[in-house]
Amino acid sequence: MPIQYYLFLSLALFCIGIMGTLMRRNAIIVFMCIELMLNAVNLLMVAFSKMYNDASAQIFVFFIMVVAAAEVAVGLAVIVMMYRKVHSVDINILNRLKH
Amino acid sequence: MSTYEILFWFLTVMALSCALGVILSRNPVNSVLFLIATFFAISGHYVLMNAQFLAIVNIIVYAGAIMVLFLFVIMLMNLNADTEPQKNRLVQFAGVISGGALFLVVLAALRTSSVNMLEQSPTDIGLIKNLGKTLFTQFVLPFEISSVLFLSAMIGAVVIGKKEEAVSEVKQ
């Protein structure tokens, strides 16, 4: 299987994540699209790890997952806090950040 | 077509269509379920590339923990209705154009690069024994620091998610 197929697959996943981030107004969906982009990068990194027969890339993917888990915990707490304040998760009304 | 190729194309089509489902479905709960399906397809790709440890961790951490957290928050906010306000057509069109333009540019740049084959010989670098040895010799310092990161993230989430009344009571 050529490495290009994995390159194009993860590129397509990353671009779908970008499109979702730009298109949607729900903050939770935007957050999920960021997770999708992180996973596209992980997939590419595992493909390169297989190509060069090197375990360091897989360790790096492991650390990306660790950071993503911490990020999700804090980010969802921020979204819940915002929902308590303004009773909505619409990012168009987040442009004020106050009131 | 070998079994490997059939599995590769099946998982690829599944990952891409479920990723499109994430951004196109109106209901946030459906989006979460599509994203879980995407993560399972990506885990299938990890198994095909002999990265069994990462495949299991991907399922446990992403599909098991993170997506349940998302679902929990969506249920908590009662968002499982199809009443999300949409961005106007122009902004949606601009988002699709910019994402597609990035895709086309990188595709055109990488199309003529030299072809490196991923050999299908079984390697054992993705197994727990090998990865654990690397993690606890070469990368032991980042591993320990990540535990501090988790602790600070946990404290931060608790502090941010606390109710306002509780904070004011503590102050008084």
Side-chain angles (χ1 to χ4, degrees), chain A residues 1-9 11-26 28-29 31-33 35-36 39 42-43 46-47 49-51 53-56 58-59 61-63 65-74 76-81 83-84 89-90 92, chain B residues 4-5 8 12 15-16 19-20 22-23 28 31-32 35 38-39 42 45-46 49-51 54 57 61 65-66 69-70 73-74 77 79 84-87 92 95-96 98-100 102-103 106-107 110 115-118 123 125-126 130-131 134-135 139 142 146 149-150 153-154 156-157 160-161:
Chain A
M1 195 60 65
I3 186 75
Q4 264 86 359
Y5 289 179
Y6 284 106
L7 260 173
F8 296 150
L9 168 63
L11 178 63
L13 282 175
F14 192 84
C15 289
I16 288 173
I18 288 180
M19 284 180 203
T21 309
L22 294 176
M23 272 170 60
R24 300 298 297 261
R25 278 175 68 175
N26 192 333
I28 296 178
I29 308 273
F31 209 29
M32 274 160 48
C33 289
E35 294 300 311
L36 190 63
N39 263 276
N42 282 353
L43 178 64
V46 173
S49 149
K50 171 100 162 82
M51 187 172 111
N53 223 350
D54 188 355
S56 304
Q58 299 200 7
I59 300 289
V61 169
F62 182 70
F63 282 120
M65 285 179 185
V66 166
V67 173
E71 173 222 339
V72 163
V74 176
L76 282 178
V78 168
I79 290 179
V80 169
M81 201 63 216
Y83 184 77
R84 275 208 205 114
V89 287
D90 192 342
N92 276 24
Chain B
Y4 183 87
E5 289 179 17
F8 175 85
T12 302
L16 287 179
L20 281 175
V22 172
I23 67 169
S31 282
V32 172
L35 196 56
T38 312
F39 288 158
I42 290 176
H45 274 297
Y46 289 166
M49 286 187 283
N50 276 315
L54 283 180
V57 166
V61 171
I66 293 183
L69 209 58
F70 271 104
V73 169
I74 287 177
M77 295 179 185
L79 284 179
E84 182 198 344
Q86 296 296 310
K87 278 189 177 172
Q92 287 192 348
V96 172
S98 44
L102 177 71
F103 179 71
V106 183
L107 192 77
L110 294 175
V115 176
N116 281 309
M117 298 298 283
L118 284 186
T123 57
I125 60 163
N130 211 323
L131 280 183
T134 315
L135 187 64
F139 294 96
S146 70
L149 174 76
F150 259 129
M154 191 176 76
I160 292 173

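We name chains A, B, ... by the order of the sequence lines, and we start the count at 1 in each one.
Considering all non-hydrogen atoms of both residues, A:Met23 and B:Val96 come closest at SD-CG2, 3.6 Å. Taking each heavy atom of A:Ala73 and B:Ala157 in turn, the nearest pair found is O-CB, 3.9 Å. Here the closest heavy-atom approach between residue A:Lys50 and residue B:Met49 is recorded as CD-O, 3.3 Å. Counting all heavy atoms, side chain and backbone alike, A:Leu76 lies closest to B:Leu69 at CD1-CG, 3.7 Å. Among all heavy-atom pairs drawn from B:Met77 and A:Tyr83, the shortest one is O-OH, 3.1 Å. In this structure, A:Ala77 and B:Gly161 approach most closely via the heavy-atom pair CB-N, 4.3 Å.
Heavy atoms closer than 4.5 Å to chain B are found in both the backbone and the side chain of A:Val67. The contact between A:Asn42 and chain B is made by backbone and side chain atoms together, counting heavy-atom distances below 4.5 Å. Only the side chain of B:Phe8 comes within less than 4.5 Å of a heavy atom in chain A; its backbone stays farther off. Residue contact with chain B, scored on non-hydrogen atoms closer than 4.5 Å, involves the side chain of A:Phe63 exclusively. Using a 4.5 Å cut-off between heavy atoms, B:Ser31 contacts chain A through both its backbone and its side chain.
Put simply, of B:Val57, B:Leu107, B:Val32, B:Asn130, the one with the most heavy-atom pairs under 4.5 Å next to chain A is B:Leu107. Most heavy-atom pairs under 4.5 Å with chain A: of the set B:Ala153, B:Ala65, B:Gly100, this distinction falls to B:Ala153. Among A:Tyr6, A:Phe31, A:Tyr5, the residue with the largest count of heavy-atom pairs under 4.5 Å with chain B is A:Tyr6. Counting heavy-atom pairs closer than 4.5 Å to chain A, the top-ranked of the candidates B:Ala19, B:Ser98, B:Ala15 is B:Ala19. Comparing A:Leu7, A:Val74, A:Leu36, A:Ile16 by how many heavy-atom pairs each has under 4.5 Å with chain B, the most go to A:Ile16. In terms of heavy-atom pairs under 4.5 Å with chain B, the best-connected choice from A:Val46, A:Val72, A:Val66, A:Asn39 is A:Asn39. Here B:Leu54 is the residue among B:Val73, B:Ile66, B:Leu54, B:Leu35 with the most heavy-atom pairs under 4.5 Å with chain A.
Here B:Leu149 contributes atom CG and A:Glu71 contributes atom CD; the two are 10.5 Å apart, rounded to the nearest 0.5 Å. Distance CG/B:Leu131 to OG/A:Ser49: 8.0 Å, rounded to 0.5 Å. Of the inter-residue distances, the one linking B:Ile160 atom CD1 with A:Met81 atom CE reads 9.0 Å to the nearest 0.5 angstrom. Distance check: B:Thr12 OG1 to A:Phe8 CZ gives 13.0 Å after rounding to the nearest 0.5 Å. Rounded to the nearest 0.5 Å, atoms OG1 (B:Thr38) and CD (A:Glu35) are 12.0 Å apart. Here the CG atom belonging to B:Leu20 is positioned 8.0 Å from the CE atom belonging to A:Met19, to the nearest 0.5 angstrom.
Residues B:Leu110 and A:Gln4 have side chains not in contact (no heavy-atom distance under 4.5 Å, counting atoms from C-beta outward). Within the 4.5 Å cutoff, side-chain heavy atoms of A:Leu43 are placed close to those of B:Tyr46. Side-chain contact between A:Ile18 and B:Phe103: absent, with no pair of heavy atoms (C-beta onward) separated by less than 4.5 Å. Taking the side chain as every heavy atom from C-beta outward, A:Leu9 and B:His45 approach each other to under 4.5 Å. Under the 4.5 Å side-chain criterion, counting only non-hydrogen atoms from C-beta, A:Ile29 is not in contact with B:Ile23. In this structure, the side chains of A:Ile28 and B:Pro28 stay at 4.5 Å or more apart for every pair of heavy atoms.
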